[in-house]
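Letters go in sequence order (proteins before strands), and every chain restarts at 1.
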Protein chains: 2
Amino acid sequence: MRSSDIILGILLEKPATGYEIKEKFTTSLSNFYNASFGSIYPILHKLTKEEKVVFETITQSGKPNKKVYSITQKGKIAFQQYLRQPVEDKKTKWDFMAHLFYSKYLTIEERLELIDSEIATQKSEVQILTALREKLAVQKIDRYQFFCLDLGIKQKQLVVTELQGLKDNIIAEKQ
Amino acid sequence: MRSSDIILGILLEKPATGYEIKEKFTTSLSNFYNASFGSIYPILHKLTKEEKVVFETITQSGKPNKKVYSITQKGKIAFQQYLRQPVEDKKTKWDFMAHLFYSKYLTIEERLELIDSEIATQKSEVQILTALREKLAVQKIDRYQFFCLDLGIKQKQLVVTELQGLKDNIIAEKQ
DNA sequence: AGGTTCATGTAACTCGTTACATGATTCA
DNA sequence: TGAATCATGTAACGAGTTACATGAACCT
């Protein structure tokens, strides 16, 4: 899986601008993929050259012009090929966990601050995803996408619960 | 967080060879980080040049010689610095989720096969981590590392449960 | 006979991030 | 006044992967 595969998937659903694609990465897809503008725009150029997408320039007043990209037949075939490829291993870089794993080298205060801050982060992400869920539930979003969103929320809630338990234990012991 | 930070963390616990470090990445740390031999060995060379680690060559008969790396004072300071740095965002590349997210473009059979295969993968990982948990519980592994391991297991179990639910729904609807 | 474990290493490559540039509008 | 939103783009850089090389012992 490369970013280009995921971008083709996004465009298969609906034409979009680079900016809108980035938004997807930070919301509905955030649970399993992410990409920055610095990779999105060059990929869009590359996909255009490969004739997997085409774009239409929309002139806007007050805002910068935008390019709305659509997937072509060639792009659809490429995406189908991706979907049939063997599933790659999950790759995670979770800095918080690394910190927590070695948190015996921190003071209690630092450790509690670390945990609290992560609880806040996860809670806020749960809120954002839950709001998105409500919004998408109204529209008829397809079931598998809904499942992915839901699983993301549940995973984050699990982390919150577990971290809160850990925190309580640490505080209880402290006294 | 770079691989070099995590490697210093590993060596802070106990001297190890590159091969043993890789093993950690595929077991106890697999929940939050991973690295290949192609990055581990060059990093070990770089850390040696920076005097953050030193190594001792162990001559072995029957097996290739090995280099046992230990962390130095300089390395310890570098790791403490890492630990105090602000926590970076979690980054995930989860190919299975991408496949599932767009699985409406698959046939039911392909979809069920996709889900089944992921259930099997996750279950096998739960087993490996559970076995590791038992093993480490006997030794006195520290509490935060234990928490991280446990959370990893719980997260995987959640995925298994949810996927099994999804699968059952799909099968029920099919008939 | 062939796969797995132990064990280290390098080179080519791909991918993606960070940081920058540009610039108008809207909101607080 | 300054931050956020909308909107696209590039260049330098860094990190890490894949694929290869080497090679003995042990297990099935």
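We find that CD1 of A:I58 is positioned 17 Å from P of D:dC6, with the value rounded to whole Å. Between the CG atom of B:N34 and the P atom of D:dT17 there is a distance of 7 Å, rounded to whole Å. The NZ-C1' distance, from B:K22 to C:dT5, rounds to 14 Å in whole Å. In this entry the distance linking CG of B:N65 with P of D:dA24 reads 13 Å, nearest Å. One interatomic measurement links the two molecules: CE of B:M1 to C1' of D:dG16, which rounds to 14 Å at whole-angstrom precision. When rounded to the nearest whole Å, the span between CD of B:E88 and P of C:dT17 equals 12 Å. Going from atom CD1 of B:I6 over to atom P of D:dG16 covers 10 Å, rounded to whole Å. Between the NZ atom of B:K66 and the C1' atom of D:dA25 there is a distance of 15 Å, given to the nearest Å.
Between C:dG16 and A:Y33, a contact under 4.0 Å exists linking OP1 or OP2 to a side-chain N or O. For the OP1/OP2 pair of C:dC15 and a distance below 4.0 Å, the side-chain nitrogens and oxygens of B:K93 include no atom meeting the criterion. Listed pair A:Y41 / D:dA11 fails the phosphate criterion, with no side-chain N or O lying under 4.0 Å from OP1 or OP2. At least one side-chain nitrogen or oxygen of B:Q60 sits closer than 4.0 Å to the OP1 or OP2 atom of C:dA7. Contact annotation: B:K91 side-chain N/O to C:dT17 OP1/OP2 distance is not under 4.0 Å. Residue A:S36 places none of its side-chain N or O atoms closer than 4.0 Å to OP1 or OP2 of C:dG16. For B:S39 and D:dA15, the shortest distance from a side-chain N or O to OP1 or OP2 is not below 4.0 Å.
In this structure, a donor-acceptor pair under 3.5 Å is present between the side chains of A:Y82 and B:D95. Remark: the A:E118 side chain and the A:Q122 side chain contain an N/O donor-acceptor pair separated by less than 3.5 Å.
Note that OH of B:Y33 and CZ of B:R2 are 9.0 Å apart. Values are rounded to the nearest 0.5 Å.
Remark: A:E173 engages B:R143 in a salt bridge, criterion side-chain N to carboxylate O under 4.0 Å. With respect to B:K93 and A:E88, no salt bridge is recorded, no charged nitrogen being found less than 4.0 Å from a carboxylate O.
Taking every side-chain heavy atom of A:P64 into account, D:dC6 is the closest of D:dC6, C:dT8, D:dT8. The side chain of A:Y69 has D:dG9 as its nearest neighbour among C:dT10, D:dG9, D:dG16.
Comparing B:V68 and A:S3 along DNA chain C, the residue whose closest nucleotide (by nearest heavy atom) sits nearer the 5' end is B:V68.
Within residues 42-55 of chain A, the residues having any heavy atom closer than 4.0 Å to DNA chain D are, in order of number, A:P42, A:H45.
Atom NZ of A:K104 has more than 12 heavy atoms from other residues, nucleotides or ligands within 6.0 Å. For A:Q127, the CD atom counts as loosely surrounded, since its 6.0 Å shell holds 12 or fewer non-hydrogen atoms of other residues, nucleotides or ligands.
Residues B:G75 and B:L8 share a closest heavy-atom pair of O-CD1, 3.8 Å.
Nucleic acid contact for A:G38: base, since at least one base atom lies under 4.0 Å from a heavy atom of the residue.
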